[in-house]
Amino acid sequence: MAQRTVLFVLFDAVQSLDVTGPLEVFMGAEQHAPGTYRIRTASLDGAPVRTSSGLTLVPDQALDDPLDAHTLVVPGGQGTRTPDPALVGWLREHGPRAERLVSVCTGAILLAAAGLLDGRRATTHWAYCDKLARDHPDVEVDPDPIYVRDGHVATSAGVTSGIDLALALVEEDLGREVALGIARHLVVFLRRPGNQAQFSAQLAAQTAQREPLRDVQRWITEHPDADLTVESLATRASLSPRHFARAFQTETGMTPGRYVDRVRLEHARRLLEDTSDGIEEISRASGYGTPEAMRRAFVRALGAAPAEYRRRFRPAPAR
């Protein structure tokens, strides 16, 4: 594969992890296969920038220095709240020239301000999806996925989703084994599909205050195939079923049944994406009992049966 230049756009009050997370992924790929990527960072005038956390990043060059970027990465951060008109102007002029245009977190706000997301489906950090949709009505904002790809434009949600997206791009370029090696080195999951919700069950639900309820949450996550009825979980928490159900919803923000449903769905999705286990085996391991019960759950939540979900979202074999 010909060497591809990956250019990271820097600006004051950028989110440091939006830059360094994806950058480490591409650098890992370059170390695995030297000559694959040329990684560069640039600010408007080539001067150092101060991140939102106080770190100082020294760019390799100015944005106007000659450079043909194959992949242009626009991170987010507090600096996107009042975008620099000069930076937006540069993106408007140079963004269309990139073969792949990528944003991390609120970097999508900069792309939208430059008109680069008009008529496209996109996402950003969940806290800013409403703002993106309100300020840019020509953008189809999807608040659920961790990243969205629409043609050559890819947008991602919060900071860690930038790593997920970068891994997906490396996998596209170099194959699954390379991306898997990088993920193992960084100790991250490979790979969360782009359509995975920004909130997992564990994130969507609050952590219970009382230790017995926290233990129950952990038990559910670790044993999706166990008896997870309210009566069984209440016994584990040493509470009556009625008291347990009321306390669980009060402290976590969702009913025990809803929490169990989410955990089982996530578990089944991971097995479909990352293993070759059969549908029947996965249905048992995820607590559904039968393939038909799992099929109904998938169609209800995702609009696709398990086999179709696997076909669409399981990573392709390495080239």
Side-chain angles (χ1 to χ4, degrees), residues 121-123 126 129 140-150 154-158 160-161 163-165 167-168 171-172 176 179-180 183 188-206 216-233 245 248-249 252-317:
R121 178 169 165 261
T123 194
W126 62 268
C129 284
E140 181 187 346
V141 180
D142 189 339
D144 291 329
I146 58 172
Y147 63 83
V148 168
R149 299 189 67 179
D150 187 334
T155 54
S156 59
T160 59
S161 63
I163 296 176
D164 293 301
L165 176 53
L167 285 167
E171 182 178 337
E172 177 181 284
R176 178 174 171 78
L180 179 59
V188 297
F189 288 108
L190 181 76
R191 75 178 163 92
R192 296 191 295 172
N195 77 314
Q196 181 166 320
Q198 294 193 31
F199 286 119
S200 66
Q202 291 76 20
L203 290 178
Q206 305 167 43
V216 167
Q217 285 182 287
R218 287 192 292 268
W219 170 263
I220 293 171
T221 302
E222 294 168 2
H223 303 87
D225 58 339
D227 177 4
L228 301 180
T229 60
V230 168
E231 291 75 16
S232 176
L233 296 176
F248 190 96
Q249 181 165 8
T252 69
M254 65 174 62
T255 66
R258 178 60 175 157
Y259 188 81
V260 168
D261 287 345
R262 289 198 174 195
V263 168
R264 283 177 168 163
L265 186 69
E266 288 171 18
H267 188 264
R269 288 171 66 170
R270 285 196 297 271
L271 292 179
L272 288 168
E273 294 157 15
D274 296 333
T275 76
S276 58
D277 294 349
I279 300 297
E280 186 171 354
E281 183 180 357
I282 291 175
S283 67
R284 290 196 304 267
S286 302
Y288 289 110
T290 67
E292 177 58 23
M294 186 168 78
R295 189 194 69 80
R296 289 197 301 267
F298 267 66
V299 170
R300 182 171 59 250
L302 304 174
E308 173 65 10
Y309 178 87
R310 169 174 270 173
R311 186 187 70 78
R312 289 163 56 186
F313 298 113
R314 189 179 181 189

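Throughout, residue positions are numbered sequentially from 1 according to the sequence presented. As a basis for the values below, the full set of heavy atoms in this structure was taken, side chains included, without hydrogen atoms, waters or symmetry mates.
Distance check: Glu281 CD to Thr275 OG1 gives 7.5 Å after rounding to the nearest 0.5 Å. Interatomic distance, Arg300 CZ to Leu265 CG, rounded to the nearest 0.5 Å: 9.0 Å. Note that the CZ atom of Arg284 and the CE atom of Met294 stand 10.5 Å from one another [nearest 0.5 Å]. With rounding to the nearest 0.5 Å, the separation of CZ in Phe248 from CZ in Arg258 is 12.5 Å. To the nearest 0.5 Å, atom CG of residue Asp261 and atom OG1 of residue Thr255 are 7.5 Å apart. In this structure, the separation between CZ on Arg270 and NE2 on His267 is 6.0 Å, given to the nearest 0.5 Å.
Among all heavy-atom pairs drawn from Ala285 and Pro224, the shortest one is O-CG, 3.8 Å. Counting all heavy atoms, side chain and backbone alike, Tyr309 lies closest to Ala304 at N-CB, 4.4 Å. Scanning both residues, Ser232 and Asp227, for their nearest heavy atoms gives OG-O, 3.0 Å. Closest approach of Leu233 to Leu228, counting heavy atoms only: CD1-O, 3.5 Å. Across every non-hydrogen atom of Val148 and Pro145, the tightest pair is CG2-CG, 3.8 Å. The minimum heavy-atom distance between Tyr288 and Ala268, with the atom names listed, is CE1-CB, 4.0 Å.
When each of Leu272, Val263, Asp225, Leu271 is checked for a side chain to side chain contact (heavy atoms under 4.5 Å, CB included) with Ser286, only Leu271 meets the rule.
Under 4.0 Å is where a charged nitrogen must lie from a carboxylate oxygen, and between Arg121 and Asp150 no such pair does. A salt bridge does not link Arg269 to Glu266: none of the charged nitrogens lies less than 4.0 Å from a carboxylate oxygen. Ion pairing of Glu308 with Arg311 is present here, as a side-chain N (NZ or NE/NH1/NH2) and a carboxylate O approach within less than 4.0 Å.
Ile220 places a side-chain heavy atom less than 4.5 Å from the side chain of Tyr259.
Side chain of Ser156 to main chain of Leu165: no donor-acceptor pair is present (N/O by atom type, distance under 3.5 Å, no hydrogens or angles). Formation of a donor-acceptor pair under 3.5 Å by the Thr123 side chain with backbone atoms of Thr155 is not found in this model.
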